[in-house]
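Some notes on the structure that comes next.
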Amino acid sequence: MDSRLLEILVCPLCKGPLDYRKAEQELVCKPCRLAYPVRDGIPVMLEDEARQMPATED
Amino acid sequence: MNRKLVSDTWQRGNPYELYVGRWSRVVAPVFLDWLQIPGGKRWLDLGCGTGALCAAIDRHCAPAALFGVEPSAGFLETAAADLAGRADLRQGSAVAIPLDDEAVDVVVSGLVLNFVEDLPAALSEMARVTADGGLVAAYVWDYAGRMEFMRHFWDAAVDLDPQAARLDEGLRFPGCRPEALVASFSGGMFGAAESTAIDITTRFDGFDDFWLPFLGGQGPAPSYVMSLEEPVRLRLREHLRARLPHQADGSISMIARAWAVRARVARHSPGTA
(Lines give C-alpha, C1' and ligand atoms only; values in the text may rest on other atoms or scores of the structure.)
Protein backbone atom coordinates (compact mmCIF):
# COMPACT_ATOMS: atom_id res chain seq x y z
CA MET A 1 0.00 0.00 0.00
CA ASP A 2 1.24 3.48 -0.92
CA SER A 3 2.76 5.14 2.17
CA ARG A 4 1.14 8.48 1.26
CA LEU A 5 -2.26 6.81 1.23
CA LEU A 6 -1.55 5.13 4.52
CA GLU A 7 -0.80 8.52 6.09
CA ILE A 8 -4.30 9.83 5.57
CA LEU A 9 -6.05 6.54 6.31
CA VAL A 10 -6.95 6.47 10.01
CA CYS A 11 -8.79 4.26 12.46
CA PRO A 12 -12.51 5.08 12.05
CA LEU A 13 -12.97 4.92 15.83
CA CYS A 14 -10.10 6.92 17.33
CA LYS A 15 -8.91 8.66 14.10
CA GLY A 16 -5.37 7.60 15.03
CA PRO A 17 -2.69 6.27 12.66
CA LEU A 18 -2.59 2.66 11.52
CA ASP A 19 0.25 0.16 11.05
CA TYR A 20 0.14 -1.74 7.77
CA ARG A 21 1.09 -5.38 8.18
CA LYS A 22 1.66 -6.55 4.66
CA ALA A 23 2.08 -10.27 5.35
CA GLU A 24 -1.20 -10.42 7.29
CA GLN A 25 -2.96 -7.92 4.97
CA GLU A 26 -4.15 -6.00 8.01
CA LEU A 27 -4.20 -2.40 9.17
CA VAL A 28 -3.63 -2.30 12.89
CA CYS A 29 -4.80 0.29 15.42
CA LYS A 30 -2.82 -0.48 18.56
CA PRO A 31 -4.78 1.77 20.99
CA CYS A 32 -8.10 0.22 19.91
CA ARG A 33 -6.59 -3.31 19.69
CA LEU A 34 -8.26 -3.74 16.30
CA ALA A 35 -6.87 -5.21 13.08
CA TYR A 36 -8.77 -4.10 9.98
CA PRO A 37 -8.53 -6.60 7.10
CA VAL A 38 -7.47 -5.64 3.58
CA ARG A 39 -9.56 -7.73 1.18
CA ASP A 40 -8.80 -7.79 -2.53
CA GLY A 41 -6.78 -4.62 -2.03
CA ILE A 42 -9.67 -2.76 -0.31
CA PRO A 43 -9.19 -1.83 3.35
CA VAL A 44 -12.28 -2.83 5.32
CA MET A 45 -12.53 0.01 7.81
CA LEU A 46 -15.56 -1.22 9.74
CA GLU A 47 -15.42 -1.99 13.45
CA ASP A 48 -17.71 -5.01 13.01
CA GLU A 49 -15.36 -6.57 10.48
CA ALA A 50 -12.14 -5.89 12.40
CA ARG A 51 -10.27 -8.58 14.30
CA GLN A 52 -10.08 -7.97 18.04
CA MET A 53 -6.40 -8.34 18.95
CA PRO A 54 -5.65 -10.36 22.09
CA ALA A 55 -3.72 -8.53 24.80
CA THR A 56 -0.74 -10.83 24.17
CA GLU A 57 -0.41 -9.75 20.52
CA ASP A 58 1.98 -6.94 19.72
CA MET B 1 -47.26 -11.30 1.89
CA ASN B 2 -43.81 -11.55 3.35
CA ARG B 3 -42.94 -8.12 4.71
CA LYS B 4 -39.61 -9.31 5.99
CA LEU B 5 -38.25 -9.18 2.46
CA VAL B 6 -38.85 -5.43 2.23
CA SER B 7 -35.81 -3.41 3.10
CA ASP B 8 -33.52 -0.61 2.04
CA THR B 9 -30.89 -3.20 1.19
CA TRP B 10 -28.35 -2.18 -1.42
CA GLN B 11 -25.88 -5.01 -1.83
CA ARG B 12 -25.39 -6.16 -5.38
CA GLY B 13 -24.23 -3.99 -8.24
CA ASN B 14 -26.07 -5.19 -11.34
CA PRO B 15 -29.74 -5.06 -10.27
CA TYR B 16 -29.03 -1.63 -8.76
CA GLU B 17 -27.49 -0.47 -12.03
CA LEU B 18 -30.62 -1.42 -13.99
CA TYR B 19 -33.05 0.06 -11.50
CA VAL B 20 -31.53 3.42 -10.66
CA GLY B 21 -27.75 3.34 -11.23
CA ARG B 22 -28.16 4.10 -14.93
CA TRP B 23 -29.99 7.33 -14.04
CA SER B 24 -27.58 8.20 -11.26
CA ARG B 25 -24.80 8.13 -13.88
CA VAL B 26 -26.63 10.83 -15.85
CA VAL B 27 -27.08 13.10 -12.82
CA ALA B 28 -23.44 12.87 -11.70
CA PRO B 29 -21.77 15.07 -14.39
CA VAL B 30 -24.55 17.69 -14.15
CA PHE B 31 -24.01 17.86 -10.38
CA LEU B 32 -20.22 18.21 -10.86
CA ASP B 33 -20.75 21.04 -13.38
CA TRP B 34 -22.74 22.90 -10.72
CA LEU B 35 -19.88 22.57 -8.21
CA GLN B 36 -17.32 24.25 -10.52
CA ILE B 37 -14.27 22.76 -8.81
CA PRO B 38 -10.91 23.43 -10.49
CA GLY B 39 -8.53 20.54 -11.27
CA GLY B 40 -5.89 19.26 -8.86
CA LYS B 41 -8.16 18.88 -5.82
CA ARG B 42 -8.43 15.93 -3.43
CA TRP B 43 -11.91 14.34 -3.48
CA LEU B 44 -13.89 11.93 -1.31
CA ASP B 45 -17.04 10.27 -2.63
CA LEU B 46 -18.91 9.16 0.49
CA GLY B 47 -21.22 6.20 -0.13
CA CYS B 48 -19.63 5.69 -3.54
CA GLY B 49 -21.75 2.62 -4.28
CA THR B 50 -20.88 1.13 -7.65
CA GLY B 51 -18.63 4.08 -8.48
CA ALA B 52 -20.77 6.19 -10.85
CA LEU B 53 -19.88 9.50 -9.22
CA CYS B 54 -16.19 8.50 -8.79
CA ALA B 55 -16.01 7.75 -12.52
CA ALA B 56 -17.52 11.15 -13.34
CA ILE B 57 -15.09 12.94 -10.98
CA ASP B 58 -12.18 11.14 -12.62
CA ARG B 59 -13.45 12.05 -16.09
CA HIS B 60 -14.49 15.68 -15.52
CA CYS B 61 -12.58 17.10 -12.55
CA ALA B 62 -8.90 16.09 -12.93
CA PRO B 63 -8.60 15.15 -9.24
CA ALA B 64 -5.20 15.04 -7.51
CA ALA B 65 -6.57 12.23 -5.33
CA LEU B 66 -9.89 10.41 -5.28
CA PHE B 67 -11.23 8.29 -2.43
CA GLY B 68 -14.40 6.25 -2.35
CA VAL B 69 -15.88 5.07 0.96
CA GLU B 70 -18.79 2.64 0.93
CA PRO B 71 -20.20 0.21 3.53
CA SER B 72 -21.34 -2.49 1.07
CA ALA B 73 -18.71 -5.02 -0.02
CA GLY B 74 -20.90 -6.06 -2.98
CA PHE B 75 -21.09 -2.51 -4.34
CA LEU B 76 -17.35 -2.02 -3.82
CA GLU B 77 -16.61 -5.14 -5.83
CA THR B 78 -18.47 -3.62 -8.80
CA ALA B 79 -16.82 -0.23 -8.22
CA ALA B 80 -13.32 -1.76 -8.06
CA ALA B 81 -13.88 -3.59 -11.35
CA ASP B 82 -15.34 -0.53 -13.11
CA LEU B 83 -12.89 2.04 -11.80
CA ALA B 84 -9.78 -0.12 -12.30
CA GLY B 85 -7.57 1.80 -9.90
CA ARG B 86 -8.83 5.31 -10.70
CA ALA B 87 -10.10 5.69 -7.11
CA ASP B 88 -8.79 4.50 -3.76
CA LEU B 89 -11.66 2.51 -2.29
CA ARG B 90 -12.26 1.76 1.38
CA GLN B 91 -15.08 -0.15 2.98
CA GLY B 92 -16.32 2.17 5.69
CA SER B 93 -19.19 4.00 7.29
CA ALA B 94 -20.41 7.58 6.75
CA VAL B 95 -20.50 8.18 10.49
CA ALA B 96 -16.91 6.97 11.05
CA ILE B 97 -14.99 7.99 7.94
CA PRO B 98 -11.54 6.33 7.94
CA LEU B 99 -9.72 9.44 6.69
CA ASP B 100 -7.60 11.92 8.61
CA ASP B 101 -8.80 15.44 9.50
CA GLU B 102 -8.71 17.79 6.48
CA ALA B 103 -7.52 14.94 4.22
CA VAL B 104 -9.48 16.22 1.19
CA ASP B 105 -10.69 19.45 -0.44
CA VAL B 106 -14.10 18.25 -1.62
CA VAL B 107 -16.51 15.71 -0.16
CA VAL B 108 -19.44 14.63 -2.30
CA SER B 109 -22.21 12.13 -1.74
CA GLY B 110 -24.70 11.05 -4.39
CA LEU B 111 -28.14 9.55 -3.56
CA VAL B 112 -26.99 8.44 -0.14
CA LEU B 113 -27.81 10.93 2.62
CA ASN B 114 -31.42 9.78 3.06
CA PHE B 115 -30.20 6.27 3.86
CA VAL B 116 -27.77 7.45 6.55
CA GLU B 117 -29.31 6.80 9.96
CA ASP B 118 -27.45 9.57 11.80
CA LEU B 119 -27.23 12.43 9.29
CA PRO B 120 -25.81 15.05 11.72
CA ALA B 121 -23.00 12.62 12.62
CA ALA B 122 -22.27 11.96 8.93
CA LEU B 123 -22.23 15.68 8.10
CA SER B 124 -19.92 16.33 11.01
CA GLU B 125 -17.56 13.63 9.69
CA MET B 126 -17.78 15.05 6.16
CA ALA B 127 -16.75 18.47 7.49
CA ARG B 128 -13.97 16.99 9.64
CA VAL B 129 -12.19 15.36 6.71
CA THR B 130 -12.53 18.51 4.55
CA ALA B 131 -9.85 21.21 4.52
CA ASP B 132 -10.88 24.67 5.71
CA GLY B 133 -12.55 26.48 2.82
CA GLY B 134 -13.24 23.18 1.06
CA LEU B 135 -16.64 22.11 -0.19
CA VAL B 136 -19.14 19.52 1.02
CA ALA B 137 -21.92 18.75 -1.45
CA ALA B 138 -24.55 16.09 -2.04
CA TYR B 139 -27.64 15.23 -4.02
CA VAL B 140 -30.69 13.09 -3.34
CA TRP B 141 -33.70 12.14 -5.44
CA ASP B 142 -36.82 14.30 -5.17
CA TYR B 143 -38.81 11.29 -3.97
CA ALA B 144 -41.85 13.27 -2.89
CA GLY B 145 -41.95 15.34 -6.07
CA ARG B 146 -40.48 14.87 -9.51
CA MET B 147 -38.57 11.59 -9.23
CA GLU B 148 -41.41 10.57 -11.51
CA PHE B 149 -40.80 6.88 -12.17
CA MET B 150 -40.60 6.13 -8.44
CA ARG B 151 -43.51 8.53 -7.77
CA HIS B 152 -45.71 6.69 -10.28
CA PHE B 153 -44.64 3.41 -8.73
CA TRP B 154 -45.60 4.31 -5.15
CA ASP B 155 -48.78 6.12 -6.15
CA ALA B 156 -49.89 2.98 -8.02
CA ALA B 157 -48.77 0.67 -5.21
CA VAL B 158 -50.64 2.67 -2.54
CA ASP B 159 -53.77 2.72 -4.74
CA LEU B 160 -53.87 -1.08 -4.49
CA ASP B 161 -52.34 -1.53 -1.05
CA PRO B 162 -52.60 1.42 1.38
CA GLN B 163 -50.03 -0.37 3.58
CA ALA B 164 -47.40 0.29 0.91
CA ALA B 165 -47.42 3.96 1.94
CA ARG B 166 -45.16 3.17 4.86
CA LEU B 167 -42.46 2.13 2.37
CA ASP B 168 -42.93 5.15 0.06
CA GLU B 169 -39.62 7.02 -0.02
CA GLY B 170 -41.54 10.26 -0.63
CA LEU B 171 -43.03 9.95 2.86
CA ARG B 172 -40.09 8.24 4.55
CA PHE B 173 -37.44 10.72 3.46
CA PRO B 174 -38.77 14.23 4.16
CA GLY B 175 -35.13 15.36 4.22
CA CYS B 176 -35.01 15.08 0.44
CA ARG B 177 -36.42 18.58 -0.07
CA PRO B 178 -34.35 21.68 -0.76
CA GLU B 179 -35.28 23.54 2.43
CA ALA B 180 -34.50 20.46 4.57
CA LEU B 181 -31.16 19.89 2.82
CA VAL B 182 -30.12 23.52 3.29
CA ALA B 183 -31.11 23.30 6.97
CA SER B 184 -29.03 20.13 7.41
CA PHE B 185 -26.00 21.83 5.84
CA SER B 186 -26.32 24.95 7.98
CA GLY B 187 -24.46 25.76 11.16
CA GLY B 188 -21.62 23.86 12.76
CA MET B 189 -18.56 23.85 10.57
CA PHE B 190 -20.48 24.94 7.45
CA GLY B 191 -20.80 28.32 5.81
CA ALA B 192 -23.94 29.36 3.91
CA ALA B 193 -25.60 26.45 2.10
CA GLU B 194 -27.42 26.58 -1.23
CA SER B 195 -29.43 24.12 -3.26
CA THR B 196 -30.48 23.57 -6.86
CA ALA B 197 -32.69 21.19 -8.81
CA ILE B 198 -31.11 18.80 -11.34
CA ASP B 199 -33.62 17.40 -13.84
CA ILE B 200 -32.81 14.56 -16.20
CA THR B 201 -35.04 12.63 -18.60
CA THR B 202 -35.55 8.96 -17.87
CA ARG B 203 -36.59 7.37 -21.14
CA PHE B 204 -37.73 3.76 -21.20
CA ASP B 205 -37.94 1.98 -24.57
CA GLY B 206 -41.19 0.38 -23.54
CA PHE B 207 -43.10 -0.86 -20.52
CA ASP B 208 -40.80 -3.89 -20.03
CA ASP B 209 -37.75 -1.62 -19.89
CA PHE B 210 -39.54 0.26 -17.10
CA TRP B 211 -40.85 -2.78 -15.22
CA LEU B 212 -38.08 -5.40 -15.35
CA PRO B 213 -35.66 -3.46 -13.09
CA PHE B 214 -38.34 -3.58 -10.36
CA LEU B 215 -37.90 -7.37 -10.35
CA GLY B 216 -34.23 -7.11 -9.32
CA GLY B 217 -35.08 -6.87 -5.62
CA GLN B 218 -32.51 -4.12 -4.85
CA GLY B 219 -33.84 -1.01 -3.13
CA PRO B 220 -37.17 -0.29 -1.43
CA ALA B 221 -39.54 -0.43 -4.43
CA PRO B 222 -38.03 -3.55 -6.09
CA SER B 223 -37.83 -5.16 -2.67
CA TYR B 224 -41.55 -4.44 -2.18
CA VAL B 225 -42.40 -5.83 -5.64
CA MET B 226 -40.57 -9.06 -4.89
CA SER B 227 -42.35 -9.41 -1.54
CA LEU B 228 -45.75 -9.64 -3.31
CA GLU B 229 -47.50 -12.84 -4.33
CA GLU B 230 -47.46 -13.27 -8.12
CA PRO B 231 -51.15 -12.35 -8.78
CA VAL B 232 -50.77 -9.19 -6.68
CA ARG B 233 -47.55 -8.30 -8.48
CA LEU B 234 -49.27 -8.69 -11.86
CA ARG B 235 -52.13 -6.45 -10.72
CA LEU B 236 -49.65 -3.79 -9.70
CA ARG B 237 -47.85 -4.14 -13.02
CA GLU B 238 -51.05 -3.57 -15.00
CA HIS B 239 -52.13 -0.69 -12.77
CA LEU B 240 -48.79 0.97 -13.42
CA ARG B 241 -48.94 0.27 -17.15
CA ALA B 242 -52.26 2.10 -17.33
CA ARG B 243 -51.05 5.24 -15.60
CA LEU B 244 -47.66 5.81 -17.26
CA PRO B 245 -47.30 8.43 -20.03
CA HIS B 246 -46.73 6.21 -23.10
CA GLN B 247 -45.59 7.86 -26.33
CA ALA B 248 -46.93 6.78 -29.74
CA ASP B 249 -43.84 4.59 -30.28
CA GLY B 250 -44.41 2.79 -26.96
CA SER B 251 -41.58 4.56 -25.16
CA ILE B 252 -42.10 6.24 -21.79
CA SER B 253 -40.32 9.48 -20.88
CA MET B 254 -40.41 11.04 -17.45
CA ILE B 255 -38.45 13.56 -15.42
CA ALA B 256 -36.17 12.43 -12.60
CA ARG B 257 -35.29 15.35 -10.35
CA ALA B 258 -32.47 15.38 -7.85
CA TRP B 259 -32.00 18.12 -5.29
CA ALA B 260 -28.37 19.13 -4.83
CA VAL B 261 -26.92 21.05 -1.89
CA ARG B 262 -23.48 22.53 -1.24
CA ALA B 263 -21.71 24.43 1.55
CA ARG B 264 -18.15 25.45 2.26
CA VAL B 265 -16.38 24.33 5.40
CA ALA B 266 -15.64 27.40 7.51
CA ARG B 267 -13.92 26.61 10.78
CA HIS B 268 -13.85 29.35 13.35
CA SER B 269 -11.03 28.31 15.65
CA PRO B 270 -10.33 30.87 18.34
CA GLY B 271 -6.81 32.26 18.18
CA THR B 272 -6.16 31.31 14.57
CA ALA B 273 -6.53 33.44 11.49
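We name chains A, B, ... by the order of the sequence lines, and we start the count at 1 in each one. Predicted model, so just to flag it, every value in this text is computed and none were measured.
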ask   = How far apart are the closest heavy atoms of Ile97(B) and Lys15(A), and which atoms are they?
value = O-NZ, 3.8 Å
inquiry  = If I compare all heavy atoms of Ala96(B) with all of Pro12(A), which pair ends up nearest, and what's the gap?
reply    = O-CB, 3.2 Å
ask   = Which heavy atom of Leu9(A) sits nearest a heavy atom of Pro98(B), and at what distance?
value = CD1-O, 3.1 Å
inquiry  = So, taking the atom named CD1 in Ile8(A) and the one named CG in Leu44(B), what distance separates them when rounded to the nearest 0.5 Å?
reply    = 9.0 Å
query = For Glu77(B), does the CD atom sit with more than 12 other heavy atoms under 6.0 Å from it, leaving out its own atoms?
reply = no
inquiry  = A quick test of your reading: do over 12 heavy atoms of other residues, nucleotides or ligands sit less than 6.0 Å from CD of Glu47(A)?
reply    = no
key: Shortest non-hydrogen contact from Ile42(A) toward Ala80(B)   = CD1-CB, 4.1 Å
task = Name the region of Glu125(B), side chain, backbone, both or neither, that has any atom closer than 4.5 Å to a heavy atom of chain A.
result = side chain
query = Taking everything shown except Asp101(B) itself, do over 12 heavy atoms lie less than 6.0 Å from its CG?
reply = yes
